[in-house]
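The structure appears below as structure tokens.
Quick caveat: nothing in here was measured; it's all calculated off a predicted structure. All values below come from the heavy atoms of this structure, side chains included, with hydrogens, waters and symmetry mates left out.
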Amino acid sequence: LAWRLLKWIWRKCVWVVSYLIHHMNLYWKYVGILVIFGLIELLAAATDSMGVVLVIGLIEFLILCMILIRALVDMNMLKKGAEELASGNTDYEIDTSHMMWEFKHHGENLNRIKDGIQVAVEDRMKSERMKTELITNVSHDIKTPLTSIISYVDLLKKEQLDNQTALEYVKVLDRQSARLKKLIQDLIDASKASTGNLNVHLEETNIRVLLEQAMGEFAEKMEKRGLRTVITYNTEPVTVMADGQHLWRIFQNIINNIEKYVAMGVKRFGTSSS
């Protein structure tokens, strides 16, 4: 009976110690170690032997040094893991096999965060790929009948149509089909740009020449809208490293928006704009 009682007390003590180790924070664990060492020192002092006190004090000092060194090593590993994770390296994994209790728990949490980020990134990339494929497929499906429409419009333009109304209809079809073709191409380019698959050929480009060409193309439309363009240049030419075709598209979209929305304001309020 006494033996079973001792075994039960021992299991309870082990359970209490294990519970405290796993649920107490690092501060109270450190305080607990100091309290235990203090009690050992008191028991050693009760022996009235200075040698015993010194030996036990030296052992405690060495144990505390080992714990401190181990804690510093673990903290450095956690710091490196956090830096790698912050820099976007989701393949880096912290080795928690030899870490102390509290640090091991934090290391495992960081590894789980890494796994979660990898899953989120993979899901996002998969979603982006599916979106890009959908846009590309739908755009190609639309371009097929659009190409036929453009071809038939070209054939109608070559016919000698006597009906003036029919000629106007052909002009509208020609204009709107060309606009739809451009919108589809813009949609494909935007989809490629969002996924980083848009080809860019950088070269030294003169912005002044490119802007003058764009304004020259839209000059007639701007005059019809009642808009007057005023451009102030620097004395020296401005050159940048850019893709001339994409930069041209940027200028084209900006001028189109000016023509559409500024002219709308002019028509609404009846004031001239430049």
Side-chain angles (χ1 to χ4, degrees), residues 88 90-91 115-203 205 207 209-225 227 240-265 267-268:
T90 56
D91 294 327
D115 296 336
I117 291 175
Q118 284 182 333
V119 171
V121 170
E122 290 174 0
D123 290 343
R124 179 65 181 271
M125 291 179 64
K126 182 179 179 180
S127 175
E128 290 294 331
R129 284 195 299 267
M130 291 178 64
K131 182 174 69 175
T132 303
E133 291 175 0
L134 177 63
I135 293 174
T136 304
N137 294 334
V138 172
S139 299
H140 283 299
D141 291 341
I142 295 175
K143 285 178 70 176
T144 301
L146 179 62
T147 303
S148 300
I149 293 172
I150 293 174
S151 300
Y152 279 107
V153 170
D154 289 336
L155 292 174
L156 286 173
K157 288 166 62 178
K158 295 176 183 178
E159 295 291 332
Q160 299 296 327
L161 298 177
D162 297 332
N163 192 325
Q164 189 64 29
T165 304
L167 287 173
E168 292 295 329
Y169 291 164
V170 171
K171 290 181 181 180
V172 172
L173 286 173
D174 185 29
R175 184 171 63 254
Q176 296 299 332
S177 59
R179 182 171 179 269
L180 183 58
K181 182 179 180 180
K182 179 180 178 300
L183 290 175
I184 292 173
Q185 189 58 46
D186 289 344
L187 181 62
I188 295 175
D189 291 343
S191 175
K192 290 180 179 179
S194 64
T195 57
N197 295 323
L198 186 65
N199 293 325
V200 177
H201 303 286
L202 295 178
E203 58 184 359
T205 306
I207 296 181
V209 173
L210 203 63
L211 184 58
E212 286 178 349
Q213 292 175 355
M215 296 306 301
E217 179 177 336
F218 288 91
E220 185 177 352
K221 291 183 178 179
M222 301 287 266
E223 289 179 2
K224 289 182 179 179
R225 294 283 191 175
L227 301 175
V240 295
M241 292 299 296
D243 187 309
Q245 183 178 358
H246 295 315
L247 191 56
W248 166 264
R249 297 283 293 278
I250 292 172
F251 285 153
Q252 193 177 39
N253 289 334
I254 292 174
I255 297 172
N256 270 329
N257 289 335
I258 292 173
E259 178 196 352
K260 183 184 299 183
Y261 297 110
V262 176
M264 189 183 300
K267 184 176 180 180
R268 180 176 179 181

**Prompt:** Hey, does Q176 have a side-chain heavy atom less than 4.5 Å from the side chain of K181?
**Reply:** no
**Asked** Which is it for Q213 and W248 under the side-chain contact (heavy atoms from CB on, under 4.5 Å) test, yes or no, and what are the steps along the way?
**Response** CA-CA 9 Å; Q213 292 175 355; W248 166 264; 3.9 Å; yes
**Prompt:** Between R179 and L183, is any pair of side-chain heavy atoms under 4.5 Å apart?
**Reply:** yes
**Asked** Does E203 reach the side chain of D243, with side-chain heavy atoms less than 4.5 Å apart?
**Response** no
**Item:** Flag if over 12 foreign heavy atoms under 6.0 Å of CD, E220
**Value:** no
**Asked** Hey, is the main chain of L173 close enough, under 3.5 Å, to the side chain of S177 for a donor-acceptor pair?
**Response** yes
**Asked** Could you go step by step and tell me if M241 and T205 meet the side-chain contact (heavy atoms from CB on, under 4.5 Å) rule?
**Response** CA-CA 6 Å; M241 292 299 296; T205 306; over 6 Å; no
**Asked** What is the distance from atom CG of L211 to atom CD1 of I255, rounded to the nearest 0.5 Å?
**Response** 6.0 Å
**Item:** side-chain contact (heavy atoms from CB on, under 4.5 Å) assessment of I258 paired with M222
**Value:** CA-CA 9 Å; I258 292 173; M222 301 287 266; 3.9 Å; yes
**Request:** Mark yes when over 12 heavy atoms from residues, nucleotides or ligands other than M125 sit less than 6.0 Å from its CE; otherwise mark no.
**Result:** no
**Message:** With a 6.0 Å cut-off (strictly less than), is the heavy-atom count around NZ of K182, excluding the residue itself, greater than 12?
**Reply:** yes
**Asked** Are side-chain heavy atoms of K157 and D174 found at a separation under 4.5 Å?
**Response** yes
**Message:** Quick check: do Q245 and H201 have side-chain heavy atoms less than 4.5 Å from each other?
**Reply:** no
**Asked** Distance from L180 atom CG to R175 atom CZ, nearest 0.5 Å?
**Response** 13.5 Å
**Asked** Do F251 and I207 have side chains that get closer than 4.5 Å, going by heavy atoms?
**Response** yes
**Prompt:** Are any non-hydrogen side-chain atoms of M130 and L134 less than 4.5 angstrom apart?
**Reply:** no
**Request:** Give a yes or no on whether the backbone of N253 and the side-chain of N257 come within a donor-acceptor separation of less than 3.5 Å.
**Result:** yes
